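To start, the structure itself, in structure tokens.
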Amino acid sequence: MQKLMSEYNFKEIEANWQKYWEENSTFQADENSGKQPYYVLDMFPYPSGAGLHVGHPLGYIASDVIARFHRHKGYEVLHPMGYDAFGLPAEQYAIETGNHPGSFTDQNIERYRKQLKMIGLSYDWSREVKTSDPQYYKWTQWIFNQLFDSWYDEKANVAKPIEILISEFHSTGNLNLQANTSYSESFTAIQWEEYDNNTQQKILMHYRLAYLGVSEVNWCEELGTVLANEEVKDGLSERGGYPVIKKEMTQWFLRILAYADRLLVDLNKIDWPEATKEMQRNWIGKSQGAELQFEVENHNQRIKVFTTRPDTIFGVTFMVLAPEHELVLSIVSDSQKESVIEYTQYARNRSQRDRMADVKNITGVFTGAYALHPYTSERLPIWISDYVLADYGTGAVMAVPAHDTRDYGFAKQFQLSITYVVDAGLPLDSCIDSKAGTLFNSDFLNGLQVADAVKVAINSIKEKNIGIGKVNYKLRDANFSRQRYWGEPFPIVYQNGVPTLVDTKYLPVSLPNVDSYLPSGTGESPLARAESWVNTPNGVRETDTMPGWAGSSWYFLRYMDPHNEEVFCSPEREAYWGNVDFYIGGSEHATVHLLFARFWQKFLFDRGFVTKDEPFQKLINQGMIQGRSSLAYRINKTNTFVSANLKDNYETTALHIDISMVDNDVLHLDSFRNWRKEYKDSEFILEGDKFICGYEVEKMSKRWYNVVTPDEVISKYGCDAFRLYEMFLGPIESSKPWETKGIDGVSRFLKKLWGLIYSTEGKLVLVDEPEKPEDQKILHKGIKKLTDDINRFSLNTCVSNYMILVNELTANSCHTKSIIEQLAILLSPFAPHVSEEIWKICGHTQGLSTIPYPVFNPDFLIESEIEYPVSVNGKTRFKIVVAADAGADAVKQMALQHIEMGKWLAGKEPKKIIVVTGRIVNVVV
RNA sequence: GCCCUGGUGGUGGAAUCGGUAGACACGCAGGACUUAAAAUCCUGUUGCCAUUGCGGCAGUGCGGGUUCAAGUCCCGCCCGGGGUACCA
């Protein structure tokens with residue numbers, strides 16, 4: 001056996017150890033070990049048909065390093081993997097082929113699992129979850145039930161069971177209530193008792209955290225479905241890039257707005273990248289200001305507006321309503337009616353995309369009506385324009401053209417008057433939106449600074465009873481309905497039109513089989529086709545399904561207790577693991593997934609199901625690894641290709657060619673000729689004797705022939721080399737192109753490492769002898785660096801430091817067993833297979849995955865001499881070598897001698913001598 | 001536009017608290033071994049000047065500043081990447 005292993009045979013070593021780990025359940029997490037828990041999580045993948053390319057495992061390897069490191073540090077580590085299995089690609093596949101999306105998904109999962117196992121990741125595979133598994137989505141539905149049966153008490157700032165609300169209604173109505181609700185009317189206990197069941201249910205719906213609401217939604221005709229704001233990019237669907245328009249539909253919503261403030265404030269207590277936090281802050285979009293009312297002249301109506309600048313109230317010169325605003329038709333004058341209606345139609349028919357592409361084109365129409373200024377009673381013309389959004393604030397604004405750029409543009413376009421009220425020291429001939437300045441022209445606000453004026457204005461507004469201080473959010477309640485097949489069915493049955501929960505004990509509500517996966521086109525889900533499923537003795541089932549992010553908003557909790565049939569996660573298990581200590585994934589999930597997961601966690605926390613109110617304590621966003629495509633330049637209208645640096649002499653077209661035919665940008669001509677028929681007789685214009693290809697960095701995709709799979713890299717170099725190289729490439733957070741050629745470096749490193757154990761002749765050179773002090777010094781210098789590197793998550797420098805360590809030990813001809821043993825433990829998080837093998841060669845029969853990590857001992861580093869650089873006038877001139885215990889004065893003396901010899905002093909006294917704790921001497925002459 | 005990031009050799013990158021800039025690796029050049037190639041090993045590799053010898057000067061996107069000392073801190077710009085967008 002050992003003779004066979006005398007050569008570094010990674011194929012055998014890696015296969016053996018992967019088998020060993022599997023057979024011994026090495027990485028199964030154990031809640032009863034008595035150790036400190038540590039939870040390391042990857043964002044679970046959506047298993048696409050294309051499988052993994054070399055970019056995907058970057059984060060998985062990094063988290064595996066962290067997981068393995070913590071096992072060595074004595075933690076009980078939970079490191080699971082699973083699949084986000086519901087999703088649009090599988091649905092599209094089902095529509096196109098008629099096959100069930102589930103079996104397609106399972107095939108893909110099979111492939112993913114195989115590829116992941118090849119990388120030697122230390123997952124606890126016994127905890128694998130799949131969101132499309134009925135035993136999993138049973139609990140997704142259960143959480144929906146809890147949301148449906150909860151309301152948000154804003155007084156206590158906590159979600160509570162709906163029964164508490166109902167008993168509140170029975171005792172005092174909604175008069176004393178401070179709840180997050182869309183219900184604006186008040187009722188007493190007596191009135192509540194008098195309402196019939198239907199009415200009561202309708203009112204309750206306005207309080208539930210999962211509620212049915214009518215709303216304008218993003219409707220995508222091509223996909224036949226509604227999309228969340230998060231799924232729309234620039235007016236096009238994120239998937240597919242189809243146009244999206246506004247459409248009114250009854251939909252399920254989650255009342256995430258109730259949590260807006262906590263989601264914002266609690267960002268301060270988690271260790272996330274600043275960029276990600278900032279994205280969430282912007283997404284939540286809190287703004288503080290005031291809501292105030294303007295009377296409409298000759299109408300018994302008031303227009304409510306929201307403003308963040310109540311201080312500029314005396315600068316208001318007109319009003320603008322959104323075209324969809326409810327008052328538009330009731331206040332419009334007869335003469336303006338026609339053009340107003342025309343404009344509303346125009347605004348309605350414009351897709352979001354048109355509207356955005358057209359920001360500079362200012363449009364709007366006068367309604368013929370006037371509002372009255374609450375302080376001066378001045379007449380303010382009321383306009384409508386689509387720059388005012390119906391669903392933000394109140395859908396109406398008080399226009400202050402002097403101090404708001406959009407109002408200014410509008411005023412200029414339609415020649416409305418402009419009144420300046422803030423003096424920021426700038427000429428009064430353009431828009432001044434600075435929030436620093438002194439108020440003038442503003443009655444009781446005159447002379448105040450903006451910040452103070454805001455407060456005084458709000459107080460005055462309150463006193464006059466025309467408004468209140470108010471906070472607004474950009475965040476909207478989350479649309480939770482999709483008209484798709486491949487998602488979680490709602491646990492909802494409509495009894496006489498009243499939505500009712502399917503009792504928890506009847507969950508899961510499983511997906512039925514259907515004859516076609518196509519949406520009906522009228523907005524009804526494909527589930528409506530399963531008539532026998534839809535119609536139950538208790539009523540009619542909801543046919544929408546939940547969105548893709550439902551299952552991924554809580555999967556990290558299921559890993560703690562994945563096989564529990566009684567509860568989504570037992571309280572004991574949850575209490576043990578707490579929340580995720582270390583979470584790694586792509587930044588594309590900064591808003592949708594991470595925000596909704598935080599929301600669900602907080603909700604479950606409020607209701608006492610979990611003990612932490614944030615799901616992910618530390619977050620790292622790994623960068624993307626892009627492809628590096630190769631290009632060949634063909635001279636137009638010929639079959640002749642020209643080498644990259646000569647291409648400017650010709651008119652050429654760049655063609656993507658398969659990167660497997662290119663080595664170091666040099667094209668292998670025969671492979672290219674054999675690649676495709678049409679290139680069989682191609683001619684080449686060479687540079688010297690080579691044909692050089694151009695390149696482009698872009699997404700890895702079959703389309704560009706630039707995909708590199710882990711499979712091919714691992715079979716050629718081994719997975720330890722692959723893992724080391726992925727970590728070596730650069731900081732985890734940054735994106736960079738994949739270049740296979742660089743992997744030779746880590747491959748050589750592993751061979752050198754092997755050379756510490758076996759000579760080139762295959763002889764075991766390990767010796768069991770006392771450690772030499774020089775080797776101890778090298779080792780402990782390494783331990784210090786490596787531990788620091790992992791602790792600050794600088795995995796690329798960590799790999800570099802392994803290389804230095806092994807280089808130094810090799811140069812020192814160190815073959816001491818105890819040193820090599822410690823080296824194996826140090827390396828084990830990065831290159832676990834070869835480390836295990838070395839550990840075994842050192843005579844251990846048990847694996848090393850939980851062997852304590854070596855501890856740095858500074859005693860080994862004491863040096864007898866220290867080299868100091870010495871600067872004169874800030875320039876390093878020379879180095880002096882002194883005894884380690886020489887002291888600062890001796891260093892100074894010696895430095896001065898050298899300076900004298902070098903004539904830098906020229907007989908003068910030095911002006912200043914700086915000795916920094918035995919490090920550097922700088923002498924100013 | 002606004003917010004967040006980043007800018008260091010031919011390339012990926014290192015420099016952790018303001019203290020020898022370019023660690024480590026790729027690539028390249030030269031050499032050794034070889035009939036030859038591959039593999040391996042050795043040497044050199046920021047630029048310019050000097051290389052018989054020490055070396056010298058410049059240098060971290062640009063322009064200023066603070067400091068004995070700046071890639072790192074401060075002020076003003078330029079450029080790239082990501083997010084967001086009529087949010088009142």
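Numbers restart at 1 for each chain; the letters A, B, ... are given by sequence-line order, proteins then strands. Since we're looking at a predicted model, the values are computed, not measured.
Atom CG of A:Asn796 is separated from atom P of B:A15 by 7 Å (rounded to the nearest Å). Here the C1' atom of nucleotide B:G12 and the CD1 atom of A:Ile625 are 12 Å apart, to the nearest Å. B:G82 atom C1' lies 15 Å from atom CD of A:Gln622, rounded to whole Å. One can place CD1 of A:Ile458 at 14 Å from P of B:A88, the figure rounded to the nearest angstrom. Rounded to an integer number of Å, the gap from CG of A:Leu321 to C1' of B:A88 is 13 Å. When the P atom of B:A39 is taken as reference, atom NZ of A:Lys716 falls 10 Å away, rounded to whole Å. Atom P of nucleotide B:G1 and atom OH of A:Tyr387 are separated by 21 Å, given to the nearest angstrom. For the pair A:Tyr8 OH and B:A39 P, the computed distance is 18 Å after rounding to whole Å.
Here the separation of B:G12 from B:G27, taken at their C1' atoms, is 11 Å to the nearest Å. Distance noted for atom C1' between B:G13 and B:G65: 30 Å (whole Å). B:G64 and B:U11: their P atoms are spaced 26 Å apart (whole Å). Rounded to whole Å, the separation between the P atoms of B:U8 and B:G80 comes to 14 Å. Comparing B:C68 with B:C79, their C1' atoms sit 34 Å apart, to the nearest whole Å. When the C1' atom is compared between B:G61 and B:C78, the two are found 7 Å apart, to the nearest whole Å. Using C1' as the reference atom, B:U16 and B:A29 are 35 Å apart when rounded to the nearest Å. As rounded to the nearest Å, B:G59 and B:G9 have P atoms that lie 14 Å from one another.
Listed by chain and residue number, A:Phe366, A:Phe410, A:Phe414 satisfy the ring-ring contact (aromatic ring centres under 6.0 Å, His included) test with A:Trp383 (two or more places apart in sequence, or in another chain). Applying the side chain to side chain donor-acceptor pair (under 3.5 Å) test to A:Asn807 and every residue at least two apart in sequence or in another chain returns A:Lys752.
The pair A:Glu274-A:Arg281 meets the salt-bridge criterion, with a side-chain N (NZ, NE, NH1 or NH2) lying under 4.0 Å from an Asp/Glu carboxylate O. Of the charged side-chain nitrogens involved, at least one lies within less than 4.0 Å of a carboxylate oxygen, so that A:Asp788 and A:Lys784 count as a salt-bridged pair. For the pair A:Asp744 and A:Lys741, the salt-bridge criterion is not met [side-chain N within less than 4.0 Å of a carboxylate O]. The pair A:Asp404-A:Arg309 does not count as a salt bridge, with every side-chain nitrogen at least 4.0 angstrom from each carboxylate oxygen.
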**Report entry** Contact state string [nucleotides 74-79 of chain B, B base, S sugar-phosphate only, - no protein heavy atom under 4.0 Å]
**Finding:** ------
Query raised in the report: What string of B, S and - do you get for nucleotides 24-31 of chain B, 5' to 3', if B is base contact, S is sugar-phosphate-only contact and - is no contact with any protein heavy atom under 4.0 Å?
Result: BSSSS---
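No hydrogens or angles considered: a donor-acceptor pair under 3.5 Å links the side chains of A:Ser629 and A:Glu698. Counting only N and O atoms by type, the side chains of A:Ser800 and A:Thr797 include no donor and acceptor under 3.5 Å apart.
In this structure, the side chains of A:Lys781 and A:Glu808 come closer than 4.5 Å at one or more pairs of heavy atoms. Counting only heavy atoms from C-beta outward, the side chains of A:His373 and A:Phe314 approach each other to under 4.5 Å. Proximity of A:Asp386 to A:Thr363: side-chain heavy atoms (C-beta onward) are separated by under 4.5 Å at one or more points.
Taking 4.0 angstrom as the limit, A:Ser287 places a side-chain polar atom (N or O) nearer than this to OP1 or OP2 of B:A88. Listed pair A:Arg281 / B:C2 fails the phosphate criterion, with no side-chain N or O lying under 4.0 Å from OP1 or OP2.
Across the interface with RNA chain B, nearest-nucleotide mapping of A:Lys736 and A:Ala396 shows A:Lys736 to be the residue nearer the 5′ end. Take the nearest nucleotide of RNA chain B for A:Met279 and for A:Gly395: the residue whose nucleotide is more 5' is A:Met279.
Glycosidic torsion of B:G44 falls outside 90° of 0, placing the base in anti. An anti orientation is assigned to B:C42, its glycosidic angle lying beyond 90° of 0.
Remark: A:Arg598 is positioned above the aromatic ring of A:Trp272, its terminal NZ or CZ atom under 6.0 angstrom from the ring centre and at most 45 degrees off the axis.
Ring orientation note: the planes of A:Tyr392 and A:Phe306 are nearly perpendicular, at an angle over 60° on the 30°/60° scale.
For A:Glu739, the side-chain atoms get nearest to B:U11 when compared with the rest of B:A15, B:A88, B:U11. Here B:A88 is the nucleotide among B:C86, B:A88, B:U40 with the atom lying nearest to any side-chain atom of A:Val397.
Looking at RNA chain B, the stems built from 3 or more consecutive Watson-Crick or G-U wobble pairs, each pair with its key distances under 3.5 Å, are B:1-7 with B:78-84, B:10-12 with B:24-26, B:27-32 with B:40-45, B:46-49 with B:55-58, B:61-65 with B:73-77.
Ring-centre distance between A:Phe722 and A:Tyr717: not below the 6.0 Å cut-off.
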Query - Derivation and outcome, side-chain contact (heavy atoms from CB on, under 4.5 Å), residues A:Tyr8 and A:Leu750 - result: CA-CA 8 Å; A:Tyr8 175 50; A:Leu750 286 171; 3.6 Å; yes
Contacts under 3.5 Å, N or O only, protein and nucleotides 3-6 of chain B:
{"residue": "B:C3", "atom": "O2'", "partner": "A:Glu278", "partner atom": "OE2", "Å": "3.4"}

